[in-house]
Protein chains: 2
Amino acid sequence: MDFEHADALNQAIRLLSLRHRARAASLLAPLGLHPGQEVLLLELARSGPMIQAQLSEALGCEPPSVTLMTRKLEATGHISRRPAPSDKRASVVELTDSGRALAGRVRQLWCALAEETVAGLPAETAAALPGILNALTDNVDTRRPRHAHGRRNIPATETRRDGPAGRGAGPSVDGATGRGAGPSDDGAENDGAENDGAEN
Amino acid sequence: MDFEHADALNQAIRLLSLRHRARAASLLAPLGLHPGQEVLLLELARSGPMIQAQLSEALGCEPPSVTLMTRKLEATGHISRRPAPSDKRASVVELTDSGRALAGRVRQLWCALAEETVAGLPAETAAALPGILNALTDNVDTRRPRHAHGRRNIPATETRRDGPAGRGAGPSVDGATGRGAGPSDDGAENDGAENDGAEN
DNA sequence: CGAATAACATTATGCGCATAACGTTATTCG
DNA sequence: CGAATAACGTTATGCGCATAATGTTATTCG
C-alpha cells in the first residue's frame, strides 16, 4: 500500500476515534460520566455482578483502568464493590439502584449516538460496519490472537469477536460458578449463573 | 436503531480505537514516539513549517495538546520552535534534520500499520474505508459543521474531508503569506507558498 | 485613538488509556 | 509440604486527549 492510501486510512481511524469519543463525552457529561465509564456501566447492566478482572477483560482494557473507574463510580454511588466470598484477592462489582437507573439513560444516549454516527449512510453499509470494524480490530490486536502476552492467562483460542459476551470463558473463574459474580455466590445467584452457563 | 445494533457499532468503534492506537504505539515505541506524535511529524513533513495554531487545526486536536507535544519533540531535537517574525503571539514549528529522518521512518511504519489493519479484507472494501469512516466522523463532529463553537474562527463552509490538506484556509494566516510558515517568511519560502496557493 | 474583541501559546487540571512494580492470595509442581 | 508460579487489585507514573483560565499581542470597531 502506498503512503497516501495508508495515511488516508490511519488518519480516518484516528479522527473517528477522536470525534466519536468527543461526541460521546458531550452526551455523557450531563449524566456526570466520562467516556470509558459508560461501557463499564453497560457491561454490568448486561451481565450482572462480576469481579474486576472480568470487567477489564470484557471492556478490553487493563486492570488499573478498571480500578480507577470503579473507584470513582463507587464514590458517586453508582456501583458497589465487595470482597469475593471465596477469594480474598478479588472484589465483586455490582450496580446499585442508582447505577441501574443511570445505565438505562446510558442505553438511550448510546442509541442516539449510533444513529447520529451512521446518519445518511446506506442501510446495508451501516449494517455491515460492526463486522468490518471488528475485522480491522482483530487484525491489529496486539493482545491476541497472535501472541497472548497480556498479564492475564487468556486462552489463545478464544475469539475476539465475542467481545463482552465472551467473558464467561475467563480463566480466573474456571471451576467457580460461572459468569455470575465470579468466584462464588449465594444460592439465588447460583441458579441464575447456572442457567446462563447452560445456554453456552 | 435498537440497542443491540447501536451497541455493536459503538463498541466496534471504541475497540478499533483502542487496538489501532495500541498497535501504533508498539510500532512507534522503538522510535521513542507516542501515539499522537507521529501525525504531528507527518504533518510537518508534508506541509513544512507552520505555527502551532495551524498544527492543532490540521491535527484536529486542541492547542494545549500541540503545545505539549511540540515541547517534547523539541526537547528530543526532532523539531525546532521559533517566534514568528511578524506576530509575537505565534511560534513557527519546523522539522529538524533528525526530525525529517524520523518522519521517514514513521511513513514506513504507517504503511505497515495500514496494511496490517486491512489484511484479509476485500480490496474494494479497504479502498472504500477512508471515505466511510470520514463520513461517520463528519456525522459526530462536535466542532463543525453543525456549530463551529471551536475557539478558532473556523469558516463553517469548510469541509472536514480536506483534513490536513485544507489547512491553507486557516483564518489566522489570512493576509499573510499563505501556508508556508504562517505569519511571514523569507523570500525563498514565499515562492513555494504561492505556488501551492495557485494549485488551490 | 482607545476600548472591545479576537488570536496565540501556555499553564493547570481532569480524564481514561497504558506499563511497571508491588503486596497479598491462590494454585501448581516437584 | 514448601517453593515456584500465577492471579488479583492497587499504586505510581507517563501519555495524549480535553476544558478552563491566563497573559500577551494583534485586530476590529466606534
Side-chain angles (χ1 to χ4, degrees), chain A residues 14 17-19 21-22 24-26 28-29 32-40 51-57 59-73 81 83-84 86-93 142-143 149-154 170-176 182-183, chain B residues 14 17-19 21-22 24-26 28-29 32-40 51-57 59-73 81 83-84 86-93 142-143 149-154 170-176 182-183:
Chain A
R14 176 176 168 271
S17 303
L18 281 183
R19 301 276 73 81
R21 188 177 176 85
S26 69
L28 291 165
L33 294 175
H34 292 276
Q37 294 177 336
E38 81 281 1
V39 289
L40 192 150
I51 65 171
Q52 294 190 170
Q54 289 168 326
L55 254 187
S56 76
E57 184 172 333
L59 302 186
C61 65
E62 301 300 314
S65 303
V66 166
T67 297
L68 254 69
M69 280 195 286
T70 54
R71 182 188 297 164
K72 283 165 187 166
L73 289 170
R81 287 194 289 182
S86 67
D87 187 340
K88 292 195 204 315
R89 298 172 303 180
S91 60
V92 180
V93 185
T142 55
R143 305 184 313 168
H149 70 245
R151 142 194 190 148
R152 316 300 183 186
N153 184 16
I154 302 169
S172 62
V173 295
D174 271 0
Chain B
R14 175 177 169 269
S17 304
L18 282 183
R19 301 278 72 83
R21 188 177 176 84
S26 69
L28 291 165
L33 295 175
H34 292 277
Q37 295 177 336
E38 81 282 0
V39 290
L40 190 152
I51 65 172
Q52 292 190 168
Q54 289 167 326
L55 255 188
S56 76
E57 184 172 337
L59 303 186
C61 66
E62 301 300 314
S65 302
V66 167
T67 299
L68 253 70
M69 280 195 285
T70 52
R71 183 189 296 166
K72 284 167 186 166
L73 289 170
R81 287 193 289 183
S86 68
D87 187 342
K88 293 194 202 313
R89 299 171 301 180
S91 61
V92 180
V93 184
T142 55
R143 306 185 314 169
H149 70 247
R151 138 193 197 151
R152 318 296 182 184
N153 184 17
I154 301 168
S172 62
V173 296
D174 272 1

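Side chains included, hydrogens not; waters and symmetry mates left out as well; all remaining heavy atoms used. Convention: sequence-line order gives letters A, B, ...; per-chain numbering from 1.
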Return the value, rounded to whole Å, for the distance between atom CG of A:L28 and atom C1' of D:dA18.
14 Å

Euclidean distance, atom CZ of residue B:R89 to atom P of C:dA7 [Å, nearest integer]:
8 Å

I need the CG-P distance between B:L68 and C:dA9, as an integer number of Å.
14 Å

Are OP1 or OP2 of C:dA7 and a side-chain N or O of B:Q52 less than 4.0 angstrom apart?
no

If we call it a pair only when both distances are under 3.5 Å in a Watson-Crick or G-U wobble match, what pairs with C:dA9?
D:dT22

Nearest-Å distance for atom pair CG/C1', residues A:L55 and C:dG16
15 Å

Sorted by position of nearest nucleotide on DNA chain D, 5' first, the leading residue of B:C61 and A:S91 is A:S91

Choosing from C:dC17, C:dT11, C:dA9, which nucleotide comes nearest the side chain of B:A53?
C:dA9

Kindly point out which of D:dC15, C:dA9, D:dA18 is positioned nearest to the side chain of B:H34?
D:dC15

B:S17 versus A:R21, side-chain donor and acceptor atoms under 3.5 Å:
no

Using Watson-Crick or G-U wobble geometry with both distances below 3.5 Å, tell me the partner of D:dC29, or none.
C:dG2

Quick one: is B:Q37 getting a side-chain N or O under 4.0 Å of the D:dG16 phosphate, OP1 or OP2?
yes

Side-chain N or O of A:K72 less than 4.0 angstrom from OP1 or OP2 on C:dG16?
yes

Figure out the CZ/C1' separation between B:R71 and D:dC17, and round it to whole Å.
15 Å

Quick check: closest heavy atoms across A:S26 and B:T142, and the distance to 0.1 Å?
OG-CG2, 4.2 Å

Heavy atoms from C-beta onward define the side chain here; which of D:dT11, C:dG16, C:dT10 lies closest to that of A:M69?
C:dG16

Nearest-nucleotide pick for A:D87, side chain only, options being C:dT11, C:dC15, C:dA26:
C:dA26

Phosphate-side-chain proximity, A:T67 and D:dT10, N/O vs OP1/OP2 below 4.0 Å
yes

Are OP1 or OP2 of D:dA18 and a side-chain N or O of A:R19 less than 4.0 angstrom apart?
yes

Once you round it to whole Å, what is the distance between C1' of D:dT11 and CD of A:E62?
15 Å

Just wondering, do A:R143 and B:R19 contact through their side chains at under 4.5 Å, heavy atoms?
yes

Give a yes/no answer on whether the side chain of B:K88 brings an N or O atom under 4.0 Å of OP1 or OP2 in C:dA7.
no

Whether the side chain of A:R81 engages the backbone of A:Q52 through a donor-acceptor N/O pair (distance < 3.5 Å, no angle test) should be reported.
no

Give the rounded distance in Å between these two atoms: CZ of A:R143 and P of C:dC17.
12 Å

Paired to C:dC15 by Watson-Crick or G-U wobble criteria (both distances under 3.5 Å) is D:dG16

Can you tell me if the side-chain N/O atoms of A:R21 get under 4.0 Å from OP1 or OP2 in D:dG16?
no

Measure from the side-chain heavy atoms of B:S65 and tell me the nearest of C:dA9, D:dA18, C:dA18.
D:dA18

Please answer whether the main-chain N or O of B:P35 pairs with a side-chain N or O of B:Q37 as donor and acceptor at a distance below 3.5 Å.
no

Do any side-chain nitrogens or oxygens of B:R81 fall under 4.0 Å of OP1 or OP2 in C:dT10?
yes

Separation of D:dT19 C1' from A:L18 CG (nearest whole Å)
15 Å

I'd like to know if the side chain of B:E57 reaches the main chain of B:Q54, judged simply by a donor and an acceptor atom lying under 3.5 Å from each other, with no hydrogens or angles considered.
no

